[in-house]
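Residue numbers run from 1 in the order of the sequence given. Predicted model only: the values in this text are computed from it and were never measured.
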Amino acid sequence: MKSILKKFTAVTLSIVMVLGMTACKEKSSSTVSQEVTLTDSGTYPIVADGKNITLTCFTMTMPNVEDLQTNDFTKFLEEKTGIHIEFETGTRDDWEDKLNMSLQSGDYPDIIMGVSPNIAKYGVKEGIFIKLDNYINEKNTPNYYSMFKDNLDLSRESDGSIYSLLSTNDCYHCSYGRKMWINTKYLADMGCEIPQTTQEFYDVCKKFLEYKPNGIAIGGTAPGAGWYSTFQEWLMGSFLLSPSKSYTLNVNDMTAVNKEGKIVTAATDDRYKKYLEYCNSLYKLGAIYDGDFTQTQEQLKTIVNQEDAPVLCFPEGTISDYIDSAANPDLYKQYATLSPLEGPDGTRLTSYFKYSAISSGNFCITDKCKNPEAALRWVDFFYSKTGDLCSQYGADEGVDWKLNPEGKVGLNGEPALYEVLNPYSAETQNHDWQDIGIRVAPAAYRLGQAVDPNIDPYAPEGLEKLLYDSSKKDYEPYTQNESNSDLDMIPELKITDEESTNVSTIAVEVEKIITESSVGFITGAKDINTEWDSYKNSLDKSGLKTLLDTYQAAYDRMMKK
């Protein structure tokens, strides 16, 4: 595969507290000019003569972070750099609409961080996002350049220019993020083993509903409400590969690439029909809760944490998003991961997100910013090892984390690079950003977190080990490959604004048809035996072929690089 697709392996382990902050928008209460002098690269503060400036930043909030404006890590950055950050935020559900409205109105912030805006439109076509090619170098972005200098092509748009920074979260357990958690205590009480096939799973759900008539056998949320929190995609792996959402337009078109290099959709495959029929049998049994199609992550979390928890199993990338190991340790320990089930024809696949380690579009500078060099020096902090530790766990070294802990080993069995003292929690806190902003976590860094090899994985400090061990045991063995699947994931595609304009309406309509029809077939509101052909015809009429042809063109362009 050409260089644009080569797997990122570079690891930055230097402990450089360089960087700085951005000199973009003038602080309303300050007399500082927007024309500022910067200090030498790698020193603090970023702006010379002790002057303070303000940077406006759009990002996405998360439920477990109370207030970015007053967050301890935010204060740390301001105190260290002399730069005040004013946040404009959106949630998982509305950030895209809010950001687009801001960009279209002309009243937008200096930088966009931690979300993936429409760069083809607002960068390549309209020039709101500035080109960064001439700014990315050892002077302005020493940490970033050291990490990504051999992979900069991954961030180039269709015109060959760079409008955003890359980020990496080469997280082993994230690559197998589609997990299902099942209550082993309930299984033991019912005298059941962990199910291995779709038939065994059906039988366990049936027995559970007899055991707990008011219980929920299979929990879930509406699409996009959580991190791999919909049951449908996990169950689909028993029939055919469940591909990721399209990177291009973030729609649920179930796009995949086949062995001949052709872009196809799994949503019209006859195996997908059999999957829907199986889901319908679970729904008629009463195993699938109607709320699974519409509820939020918080609503499911509330149900899971009720006394005498009534949920047999629920999908999520990490159990910690639903149950706090410190606040509810007994319930937390009851759940274990459930491997993908073997389907009627022997199919047993987990979705391995092979291109998830690196993503583009994570940091853009708008033409409102008067000093892009300062903005890049500010964000470059996140690309040092200590930057990620500070943002994720807090900035107090020795309290939140420590480096090179003596005698400790990482998840990979090698000497640990760091030890986390302030573990991740699903509960709301205001000390760190956790998963907000930019993750900069190469594989060796992720695997280098200190873990006691004998630690209880269900202890608060054992979460990474729990997720690593579960992924290794229950999901890696079922990774899609040429011998077990004719479909595979597609990489992040770069389409032009013209292409996006031509297919954006189509993509929305395709997603609507697939999503609504899926619910209809599963619940029985649609008869799959009599309406399957009309469903496929509706996709054809909506322009599905045009959509796939557009993705094919972008894929072919990428493969030629």
Q.
Would N422 and D432 count as a side-chain hydrogen bond (donor to acceptor under 3.5 Å, both in side chains) here? Give the steps.
A. CA-CA 10 Å; N422 174 35; D432 46 63; 3.2 Å; yes
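- Counted within 6.0 Å of CD on E138, heavy atoms from surrounding residues, nucleotides or ligands total 12 or fewer; the atom is thus considered open.
- Put simply, the side chain of E316 never gets that close to the backbone of T318: no donor and acceptor are under 3.5 Å apart.
- Side chain of N137 to backbone of N140: a donor-acceptor contact under 3.5 angstrom is found.
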Q) Which is it for D292 and F314 under the side chain to side chain contact (heavy atoms under 4.5 Å, CB included) test, yes or no, and what are the steps along the way? A) CA-CA 10 Å; D292 290 350; F314 58 84; over 6 Å; no
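- A donor-acceptor pair shorter than 3.5 Å can be found between the side chains of N183 and Q334.
- Closest heavy-atom contact between W234 and R178: CD1-O, 3.6 Å.
- Counting only N and O atoms by type, the side chains of T168 and R439 include no donor and acceptor under 3.5 Å apart.
- T89 and K98 are not linked by any side-chain donor-acceptor pair at a separation below 3.5 angstrom, with hydrogens and angles left out of the test.
- The closest donor-acceptor contact from the side chain of K179 to the backbone of H173 lies under 3.5 Å.
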**Q.** Steps toward side-chain hydrogen bond (donor to acceptor under 3.5 Å, both in side chains) verdict (T230, E233)
**A.** CA-CA 6 Å; T230 54; E233 286 82 1; 2.3 Å; yes
Q.
If you apply the rule side chain to side chain contact (heavy atoms under 4.5 Å, CB included), what do you find for Y322 with L300, and how did you get there?
A. CA-CA 8 Å; Y322 286 97; L300 179 56; 3.5 Å; yes
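- Residues F208 and M190 come closest through the heavy atom pair CA-SD, 3.4 Å.
- Checked by atom type, the side-chain pair N64/Q434 shows a donor-acceptor distance below 3.5 Å.
- Inter-residue side-chain proximity for Q232 and F293 is flagged as met; some heavy-atom pair is nearer than 4.5 Å.
- Not a single donor-acceptor pair under 3.5 Å links the side chain of Q392 to the backbone N or O of L389.
- Residues T479 and Y176 have side chains that bring a donor and an acceptor to within less than 3.5 angstrom of each other.
- At a cut-off of 3.5 Å, with distance as the only test, a side-chain donor of N430 or T70 sits close to an acceptor on the other residue.
- Not one N or O on the side chain of T350 forms a donor-acceptor pair closer than 3.5 Å with the backbone of Y475.
- Of all heavy-atom pairs spanning I438 and F363, the tightest one is CD1-CB, 3.9 Å.
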Q: Dump the intermediate steps for side chain to side chain contact (heavy atoms under 4.5 Å, CB included) on I85 and E78, then the final yes or no.
A: CA-CA 7 Å; I85 303 173; E78 181 170 348; over 6 Å; no
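- Using modelled atom types, one side-chain atom of S155 and one backbone atom of L152 make a donor-acceptor pair closer than 3.5 Å.
- Contact check for L235 versus L341: side-chain heavy atoms found under the 4.5 Å cut-off.
- In the model, T221 has a side-chain atom that pairs as donor or acceptor with a side-chain atom of S229 under 3.5 Å.
- Relative orientation of the Y172 and Y468 rings is tilted, given thresholds of 30° and 60° on the angle between their planes.
- The aromatic rings of Y228 and F353 lie parallel to each other, their planes meeting at an angle below 30°, with 60° marking the opposite boundary.
- For the pairing with R446, the side-chain hydrogen bond (donor to acceptor under 3.5 Å, both in side chains) check across D388, N169, D170, N412 returns one residue only, N169.
- Exactly one of Y393, F76, F87 qualifies for a ring pair (Phe, Tyr, Trp, His ring centres under 6.0 Å) with W433. That residue is F87.
- In this model, no donor atom of one side chain and acceptor atom of the other lie less than 3.5 Å apart for Q69 and E86.
- Expressed to the nearest 0.5 Å, how far CD1 of I194 lies from OG1 of T337 amounts to 8.0 Å.
- For the pair T39 (side chain) and V47 (backbone), a donor-acceptor distance under 3.5 Å is absent.
- A distance of 4.5 Å separates CD1 of I136 from CD1 of I162, quoted to the nearest 0.5 Å.
- At a cut-off of 3.5 Å, with distance as the only test, a side-chain donor of Q480 or D488 sits close to an acceptor on the other residue.
- Counting heavy atoms from C-beta outward, N305 and I323 have side chains that approach closer than 4.5 Å.
- The neighbour count for E406 CD, taken as heavy atoms of other residues, nucleotides or ligands under 6.0 Å away, does not exceed 12.
- Put simply, the side chain of I436 does not reach to within 4.5 Å of the side chain of M60, judged on heavy atoms.
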Q | Verdict with supporting geometry, D469 and K473, salt bridge (Lys or Arg N to Asp or Glu O under 4.0 Å) | A | CA-CA 6 Å; D469 290 349; K473 171 180 174 288; over 6 Å; no
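- Of the N and O atoms on the side chains of S360 and E492, at least one donor lies less than 3.5 Å from an acceptor on the other residue.
- Of the charged side-chain nitrogens involved, at least one lies within less than 4.0 Å of a carboxylate oxygen, so that D133 and R156 count as a salt-bridged pair.
- Taking each heavy atom of F58 and G90 in turn, the nearest pair found is CZ-N, 3.9 Å.
- Aromatic ring pairs are classed by plane angle as parallel below 30°, tilted from 30° to 60° and perpendicular above 60°; the pair Y383 and Y144 is perpendicular.
- Annotation: side chain of I53 is not in contact with side chain of H84 (no heavy-atom distance under 4.5 Å).
- Inter-residue side-chain proximity for I111 and L55 is flagged as met; some heavy-atom pair is nearer than 4.5 Å.
- One finds the OG1 atom of T184 at 9.5 Å from the OH atom of Y335 (value rounded to the nearest 0.5 Å).
- A side-chain donor-acceptor contact under 3.5 Å links D94 and T91.
- Of all non-hydrogen atoms in D474 and P340, the two that sit nearest each other are O-CD, 3.3 Å.
- Between atom CD of residue E461 and atom CG of residue L466 there is a gap of 13.0 Å, rounded to the nearest 0.5 Å.
- A donor-acceptor pair under 3.5 Å is formed between the side chain of N371 and the backbone N or O of A374.
- Between the S384 side chain and the G387 main chain, a donor and an acceptor come within less than 3.5 Å of each other.
- Shown here for S325 and P460, the closest heavy-atom pair between the two residues is OG-CA, 3.3 Å.
- Within 6.0 Å of the CD atom in Q306, the count of heavy atoms belonging to other residues, nucleotides or ligands exceeds 12.
- Counting heavy atoms from C-beta on, the side chains of Y163 and L132 never come closer than 4.5 Å.
- Judged by distance alone, the side chains of S359 and N362 do bring a donor and an acceptor atom under 3.5 Å apart.
- Judged purely by distance below 3.5 Å, without hydrogens or angles, the side chains of T141 and D380 never pair a donor atom with an acceptor atom.
- Side-chain atoms of S471 come within 3.5 Å of backbone atoms of L467 as a donor-acceptor pair (strictly under, hydrogens ignored).
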**Q.** Pair Y418-Y445, ring-ring contact (aromatic ring centres under 6.0 Å, His included): steps then yes or no
**A.** CA-CA 9 Å; Y418 61 95; Y445 167 75; 4.8 Å; yes
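- I182 is listed as a side-chain neighbour of P195, based on a closest heavy-atom distance under 4.5 Å.
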